[in-house]
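Okay, so here's the structure we're looking at.
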Amino acid sequence: MPGAFTGAVLAATRFPPVRAAFTRTSAGLSLAHRFVAGESLAEGLAAARELNEQGIRASLDHLGEEVGDPAACRGAQRVYLDCIEQIAQQGIDGNISVKLTQLGMGVDDDLASKQLKELAAAAGDAGMTVSVDMEDSRWTEATVRLYAEAQQEAGNLGLAIQSCLHRTAADLAAVAPLGGHIRLCKGAYAEPPEVAMQSKEAVDGNFALLMSRLMAEESCMPAIATHDERLVEIALILAQGRANPFEFQMLYGVRQPLQRRLVEAAQRLRVYVPYGSQWYPYLTRRLAERPANVSFFLRALFGG
Ligand code: FDA
């Protein structure tokens, strides 16, 4: 979420020596292992099966973003088609989460749109949904547009929205009539004040406000994506007024005791399971969310 700590960590992790410290040391790799299921599809599927055994649904994310080359974007779609096939064949209770810059957005928006619709069709044939992640604010407008087009055509998609952005209330009002599952999260990117709230209080307050609107949308499936216990409690209160289901969503490796508590309380929970070799940008966002993750890494690297 925006803020001085997030901005500083995300800026520092762009320096090549810092990147090397994460990607080439055992301290970095062991931290990555906490948040990422593995590099292969088999490892992602194994993590999803393990979650299913605990009564938790999964959403598989093949890591990758801002892919600059159309051929690589087509390759990313093939990886997702394999993933859909395997989820179906193995009877996993899961779906996929995709980033549109991995499918071609920014390089060729028509290609991204086509690839997203094809993924939605393949997922639909397998009785599955497709979640569209929200990337940083340079991509918000195009992401909402491509999502809306695909959702109108296929009907089995969902979109992530970020409570940190000033525009999100308007985006929610625009996409809610399309149905689908709407994943409300705080936002993981450093953003300037013109586009995003800068204080934790403002972002959390807007999350609560947007959540109350989302929970009132019976045509949508609200997906409350947070590990923040206060917001989880508010969600449970707001959900009492709902006729249709909603779900909580959390990240692989984050706050498992809270995940277990929700499952024990018979709440519907989905865990986002990232896998793949391009894990570094994802890891930097998990570090930027929590100072303790940075100190854990520094202690492991330097001892002490
Ligand atoms: P907050 O950051 O206030 O954390 C609450 C508590 O949770 C912390 O005190 C800590 O205990 C624990 N916690 C949170 N993050 C942790 C971490 N990295 N390591 C260890 N503990 C941690 N963002 C985005 O911009 N686009 C997207 O598409 C998505 N998608 C998405 C899917 C799902 C399923 C989730 C749960 C989250 C996302 N996010 C996201 C990330 C989201 O925007 C946000 O950055 C993180 O969820 C952290 O915010 P919290 O709501 O957990 O609150």
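Reckoned from all heavy atoms, side chains included, excluding hydrogens, waters and symmetry mates. Atoms within each ligand, like the ligands themselves, are counted from 1 in listed order.
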With a 4.0 Å heavy-atom cut-off (strictly under), which part of [X] contacts ligand 1: side chain, backbone, both or neither?
X: N293; value: side chain
X: K200; value: side chain
X: R270; value: neither

With a 4.5 Å cut-off on side-chain heavy-atom distances among I, L, V, M, F, W and Y, is there a chain of contacts connecting L165 to L146? no
With respect to [X], determine whether any N or O atom, backbone or side chain, lies less than 3.5 Å from an N or O atom of ligand 1.
X: C185; value: no
X: T226; value: yes
X: R286; value: yes

Residues [X], [Y]: salt bridge by 4.0 Å N-O rule:
X: K99; Y: E135; answer: no
X: R285; Y: E289; answer: no
X: E118; Y: R74; answer: no

List ligand 1 atoms under 4.0 Å from [X], heavy atoms only on the residue side.
X: Q162; answer: 24 (C), 25 (O), 26 (N)
X: V254; answer: 13 (N), 16 (C), 21 (N), 22 (C)
X: R34; answer: 20 (C)
X: D133; answer: 28 (O)
X: G187; answer: 25 (O), 42 (C), 43 (O), 45 (O)
X: A160; answer: 28 (O)
X: H227; answer: 5 (C), 6 (C), 7 (O), 14 (C), 36 (C), 47 (O), 50 (P), 51 (O), 52 (O)
X: F35; answer: 19 (N)

If we count only N and O atoms by modelled type, under 3.5 Å, do the side chains of S59 and S97 hold a donor and an acceptor together? yes
Check whether the side chains of D61 and Y275 place a donor and an acceptor atom closer than 3.5 Å, and report yes or no. no
Least distance between heavy atoms, M128 atom then G94 atom: CG-O, 3.2 Å
Parallel, tilted or perpendicular, as decided by the 30° and 60° cut-offs, for the rings of Y280 and F22: tilted
Apply side-chain contact (heavy atoms from CB on, under 4.5 Å) to D109 and list each qualifying residue two or more places apart in sequence or on a separate chain. M105, A142, R145
Any R285 heavy atom less than 4.0 Å from ligand 1: no
Taking salt bridge (charged side-chain N to carboxylate O under 4.0 Å, His left out) as the test, write out the residues that go with E66, two or more places apart. R138
